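Following: one structure in C-alpha cells, then a few remarks.
Model, not experiment: these values are computed from the prediction.
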Amino acid sequence: VILSYISLEVYTNFRILSIDLFSPEDTFTLSDIYGEDWEYLDKRFSPLFGRRFFDYISNNNLPIKYYGMVNRRATYILK
C-alpha cells in the first residue's frame, strides 16, 4: 500500500498537484484523493491522518482549502 511507504506530503503533492484530478471549485475528501489506498488505511488512524493533512495544507502554500464537514468527512476545495 503506497500510504505506508511515502510521506503524506509527497503523496499529496503527487496526487493533487502533479495529476489533474480535480478542477477548481470541485470539492473532495481524502478518500477521493487516495482512492483505493484509503481502503487499506486502518480506520483507527484515519482521524489522525486527516488532522495531519489539515495541518499540512494549513501550514503550506497549497491551492487547497478546508471547505467543511459533509457526512462526517472533512471536505476540501481547490482555491
What I'd like to find out is whether the side chain of D26 reaches to under 4.5 Å of the side chain of I77, using heavy atoms alone.
no
Atom pair CG/CZ of L30 and F54 - distance to nearest 0.5 Å:
12.0 Å
Got a sec: does the OH of Y67 have more than 12 other heavy atoms crowding it under 6.0 Å?
no
Minimum heavy-atom distance A74-Y66, with the two atoms named:
CB-CE1, 3.9 Å
Roughly how far, to the nearest 0.5 Å, is the OH atom of Y76 from the OG1 atom of T27?
12.5 Å
Do the side chains of L78 and M69 join up, straight or via other hydrophobic residues, at under 4.5 Å, putting them in one cluster?
yes
Closest heavy-atom pair and its distance - S31, R73
OG-NH1, 2.8 Å
Taking all non-hydrogen atoms of both residues into account, name the closest pair between I64 and F28 and its distance.
CG2-CZ, 3.9 Å
